[in-house]
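Contents: one structure, followed by commentary.
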Amino acid sequence: MLQRRRFLQLGSLGLSAFSLTGFRSAAAVRKPIVISTWDTGIAANQAAWNVLSKGGRALDAVEQGVMVTESSLNCCVGLGANPDRDGYVTLDASIMDEHANCGSVAYLERIKHPISVARRVMEKTPHVMLAGSGAQQFAVSEGFPLEPARLSDQAEKEYKKWLEKSEYKPVINIENTKSPTAFAPQKLSDGSWNHDTIGMVALDAAGNLSGSCTTSGMGFKMRGRIGDSPIIGAGLFVDNEVGAATATGQGEDVIRICGSHLVVELMRQGNSPEQACKKAVERIIKIKGSKAKDIQVGFIAINKQGEYGGYCIQKGFSFAVCYADDKNFMVQGKYIL
Ligand code: SD4
């Protein structure tokens, strides 16, 4: 079984376990490497790279990486984000390490770094997931400050505008900037901010994988709505034998197919990260039929060899890739529709 798995992993690189001459092909492993969703991934990757380039653990890298995005009140991950339809910002986050340890928080309010609370859930409780007031209570007991219950100026403005019609209509590619060369979060021409989620997966110098995902969820969602990001297997999945994947976009449709778990299992079957992401996207499109054009979902993945890839339903998704001091760049996600 192990031999078969080894063969499949090599197969995903286009290599066979044994060449015709009988020599074993050695796959070059690119590590460390970190990738993350959307343009704000550049700044997040940089923070993750600071950990990885010093020989640090992927788990620390993916936590510290997305904390940069959570801290940025200039964008819509974290407390600066758009609220739910009742005017409350509620945050979801998850983290997973190389031992299949995982932790998550959902529907968490007034805490600046949900990713770090998710890590504490993983490391300090017998549970995987805490939600709502219980998650907040745990965070406070762990010393996380309770931030003021107020919207950022920008979110306040957008919420007031939204209240005029009160229609729940997620904006496709809301994270995407108008200028792919400007890596800072930017306001779109319609006044909305360009980012509400970041997912990150990394392979460290020791060859171990970890991942993180943090979000304010879909703007103006129903109160109590939880997306894919805190659900292990949906918004994030890591299997240290195979690879790691994370998702962004309409969470309901990622949950429907256990998206990130599916991507990892497709890599286990011999698909490259890009092929695996593509097949997961195709599955969503098949389910949604003609409604697929109304949504966006993007997956990104890396495998144990440090290969990376991403795919999305429609144009406009991008991800950031970093594997050297001078290699931190954007890749436009391939798309199907
Ligand atoms: C959610 N997947 O809550 C998140 C939102 C997202 O691009 O990724 N938006 O459904």
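In this chain, residues are counted from 1 in sequence order.
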Are [X] and [Y] close enough for a salt bridge, meaning some N to O gap below 4.0 Å?
X      : Y      : result
Arg256 : Asp228 : no
Glu63  : Arg119 : yes
Asp253 : Lys288 : yes
Lys124 : Glu142 : yes
Glu156 : Arg150 : no
Lys334 : Glu274 : yes

To the nearest 0.5 Å, tell me how far [X] [atom1] sits from [Y] [atom2].
X      : Y      : atom1 : atom2 : answer
Ser210 : Asp204 : OG    : CG    : 7.0 Å
Gln64  : Ser212 : CD    : OG    : 11.0 Å
Cys258 : Arg283 : SG    : CZ    : 10.0 Å
Ile232 : Ser104 : CD1   : OG    : 5.5 Å
Gln305 : Lys31  : CD    : NZ    : 10.5 Å
Cys322 : Asn328 : SG    : CG    : 4.0 Å

List the steps, then state whether side chain to side chain donor-acceptor pair (under 3.5 Å) holds for Asp39 with Ser318.
CA-CA 7 Å; Asp39 288 7; Ser318 52; 2.9 Å; yes

If you take all heavy atoms of [X] and [Y], which pair is closest and at what distance?
X      : Y      : value
Gln314 : Ala292 : NE2-O, 3.6 Å
Glu70  : Ile115 : OE2-N, 3.0 Å
Ala58  : Leu52  : CA-CD2, 4.0 Å
Asp97  : Met122 : OD2-CE, 4.2 Å
Ala247 : Thr197 : O-CG2, 4.4 Å
Val281 : Val297 : CG2-O, 4.3 Å

Single-linkage hydrophobic cluster, 4.5 Å side-chain cutoff, [X] and [Y] together:
X      : Y      : value
Ile257 : Val238 : yes
Phe329 : Val68  : no
Val321 : Tyr311 : yes
Trp49  : Leu59  : yes
Val264 : Ile284 : yes

Determine whether the side chains of Asn303 and Ser272 contain a donor N or O and an acceptor N or O closer than 3.5 Å.
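Side chains of Asn303 and Ser272: no pair found under 3.5 Å.
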
Exercise: do Asn82 and Trp162 side chains pair donor with acceptor under 3.5 Å
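No donor-acceptor contact under 3.5 Å links the two side chains.
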
Any donor-acceptor pair under 3.5 Å from [X] side chain to [Y] backbone:
X      : Y      : result
Asn240 : His99  : no
Asp92  : Thr215 : no
Tyr159 : Gly87  : yes
Asn271 : Leu266 : yes
Thr69  : Ile198 : no
Gln296 : Gln250 : no
Lys157 : Asp153 : no
Thr214 : Ala93  : no
Ser94  : Pro230 : no
Thr37  : Gly199 : yes

For a 4.5 angstrom cut-off between non-hydrogen side-chain atoms, does [X] reach [Y]?
X      : Y      : answer
Asp60  : Arg57  : yes
Val117 : Phe144 : yes
Ser116 : Met67  : yes
Ser71  : Lys112 : yes
Leu209 : Val201 : no
Lys278 : Ile336 : yes
Val89  : Leu151 : yes
Leu91  : Leu79  : yes

Reference residue Asn45; test side-chain contact (heavy atoms from CB on, under 4.5 Å); the match among Thr40, Val34, Ile33:
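Checked Thr40, Val34, Ile33 against Asn45; only one passes side-chain contact (heavy atoms from CB on, under 4.5 Å): Val34.
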
Apply side-chain contact (heavy atoms from CB on, under 4.5 Å) to the pair Glu307 and Ile302, showing each step before the final yes or no.
CA-CA 5 Å; Glu307 293 179 305; Ile302 53 178; over 6 Å; no

Atom CD of Gln137 with >12 non-hydrogen neighbours under 6.0 angstrom:
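Open.
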
Given side-chain contact (heavy atoms from CB on, under 4.5 Å), test Ile42 with Met330 step by step and report yes or no.
CA-CA 7 Å; Ile42 290 283; Met330 294 307 299; 3.5 Å; yes

Under the side-chain contact (heavy atoms from CB on, under 4.5 Å) criterion, do Phe138 and Val105 qualify, and how do the steps go?
CA-CA 10 Å; Phe138 171 69; Val105 287; 5.9 Å; no

Which word best sums up how the rings of Phe317 and Trp38 line up, parallel for under 30°, tilted for 30 to 60°, or perpendicular for over 60°?
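Aromatic pair Phe317/Trp38 classed perpendicular.
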
Parallel, tilted or perpendicular: rings of Phe237 and His261 (30°, 60°):
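Taking Phe237 first and then His261, their aromatic rings stand perpendicular (interplane angle over 60°).
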
Taking the six-membered ring of Tyr323 as reference, does the cationic atom of Arg30 (NZ for Lys, CZ for Arg) lie under 6.0 Å from its centre and within 45° of its axis?
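Here Arg30 passes the 6.0 Å and 45° test against Tyr323.
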
Which residue pairs pass the ring-ring contact (aromatic ring centres under 6.0 Å, His included) test when at least one of the two sits in residues 285-307, sequence neighbours left out?
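Applying ring-ring contact (aromatic ring centres under 6.0 Å, His included) to every pair that reaches into residues 285-307, excluding sequence neighbours, yields nothing.
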
Criterion side chain to side chain donor-acceptor pair (under 3.5 Å) against Thr90, the qualifying member of Arg223, Lys221, Arg110:
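Checked Arg223, Lys221, Arg110 against Thr90; only one passes side chain to side chain donor-acceptor pair (under 3.5 Å): Lys221.
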
For the pair Tyr88 and Asp84, evaluate side-chain contact (heavy atoms from CB on, under 4.5 Å) and give the outcome as yes or no after the intermediate values.
CA-CA 5 Å; Tyr88 300 93; Asp84 64 18; 3.8 Å; yes

Quick one, Arg268 with Glu265, criterion salt bridge (charged side-chain N to carboxylate O under 4.0 Å, His left out). Give me CA distance, side-chain angles, the key distance, then yes/no.
CA-CA 5 Å; Arg268 193 194 306 279; Glu265 291 307 301; 2.8 Å; yes

